[in-house]
Amino acid sequence: MTKIALAIHGGCGVMPEDSMTPEEWEGARRDLAAALRAGYARLRAGDSAIDAVEAAVVVMEDSPHFNAGHGAALNENGVHELDASIMDGTTLEAGAISASRAIRNPIKAARALMEDGRAVYMTGPAADRFAAAKGLQVEPQSYFTTEKRVEALEAMKRHAAAGTEGTENEKHGTVGAVALDAAGHLAAATSTGGYNNKPDGRVGDSPVIGAGTYARDGVCAVSGTGKGEFFIRYVVGHEIASRMAYLKQDIATATDGLINHDLAPHQIGAGLVAIDAQGTAVAPYNTPGMFRGWVTLEGKGFVATHERVYEIEL
């Protein structure tokens, strides 16, 4: 049987189960399932891992339930600044966009930049102009705003004034996908609005190749979620690949070591999805929950937010 596999996340730091209605949780799981189906359909059709991770992330960027695209976080000035990156494990080619204020689907712009070949990373107004020149859809700031994010920004400002900590869900969130295609190639993609009340112009790990996103054929693909400053300092994606390639750790050992050992002393919310060259997928996290989903090598699909796992039709 040809090996294909996929894993996605919609951010760690999931709120307590009683903080949203059953209908809201179901909506989030429904959109996770839609993202999983979109990515897996590309793999089943024989398309590349890059096609699959882009397709999955686009669905989550369009969903108001996740902190990317529509429904993204607001910075300290009430502005959306969006980051995304994508990496092809076959060639190590990559594209990254940061501080975009207008790109409807930043992951599409990241891929367009990768394929353009003149740069790996583009930021700010130049990134928005690049996307528009490539014919990608741009939107006014109002498109990205949801009531949930406005309320979260207000809550974070109150926490800042009182010197208290916000919940992980009030702070941040990210979406991402990793895939293994029928040709044995790996890819990873990540997209985020950053965290609520972040400093104007702040860029986290999601667009940083080797930190929030990394893929290398024969080793692994990784997409992270959590406090980006620490993912950058630890170069989490590349560190996992290095432990697997040079220390010969398996994917579960390498990822657990980063999430539950190295990052633990910093007391930050952190999680990731990763997949190895054999199609083994893992999704470790250290918060109350993490929006996540995966398709096994046997073609079975699952989504989860907390401990309970739901099997879905693909």
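FYI, the numbering just counts along the sequence from 1.
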Is there a side-chain contact between His9 and Ser223 (heavy atoms, below 4.5 Å)?
yes

Can Asp83 and Arg202 be said to form a salt bridge (Lys or Arg N to Asp or Glu O under 4.0 Å), step by step?
CA-CA 10 Å; Asp83 307 330; Arg202 176 263 187 188; 5.1 Å; no

State which residue, out of Glu76, Arg158, His159, Lys157, fulfils the side chain to side chain donor-acceptor pair (under 3.5 Å) condition with Asn197.
Lys157

Looking at Asp276 and Arg243, is there a salt bridge between them, counting it only when a charged N and a carboxylate O are closer than 4.0 Å?
no

Among side-chain atoms of Thr190 and Ser206, is any donor-acceptor pair under 3.5 angstrom?
no

Lys108 atom NZ, neighbour heavy-atom count above 12 within 6.0 Å
no

Salt-bridge present (Glu26, Arg30; N to O < 4.0 Å):
no

Quick one: sort the Phe144 and His80 rings into parallel, tilted or perpendicular, breaks at 30° and 60°.
tilted

Indicate the ring-plane relationship of His306 and Trp25, choosing parallel, tilted or perpendicular according to the 30° and 60° boundaries.
perpendicular

Working to the nearest 0.5 Å, report the span between CD1 of Ile97 and CE of Met122.
6.5 Å

Roughly how far, to the nearest 0.5 Å, is NE2 of His261 from OG1 of Thr255?
14.0 Å

With a 3.5 Å distance limit and no angle check, can you tell me whether His70 reaches the backbone of Thr145 through a side-chain donor-acceptor pair?
no

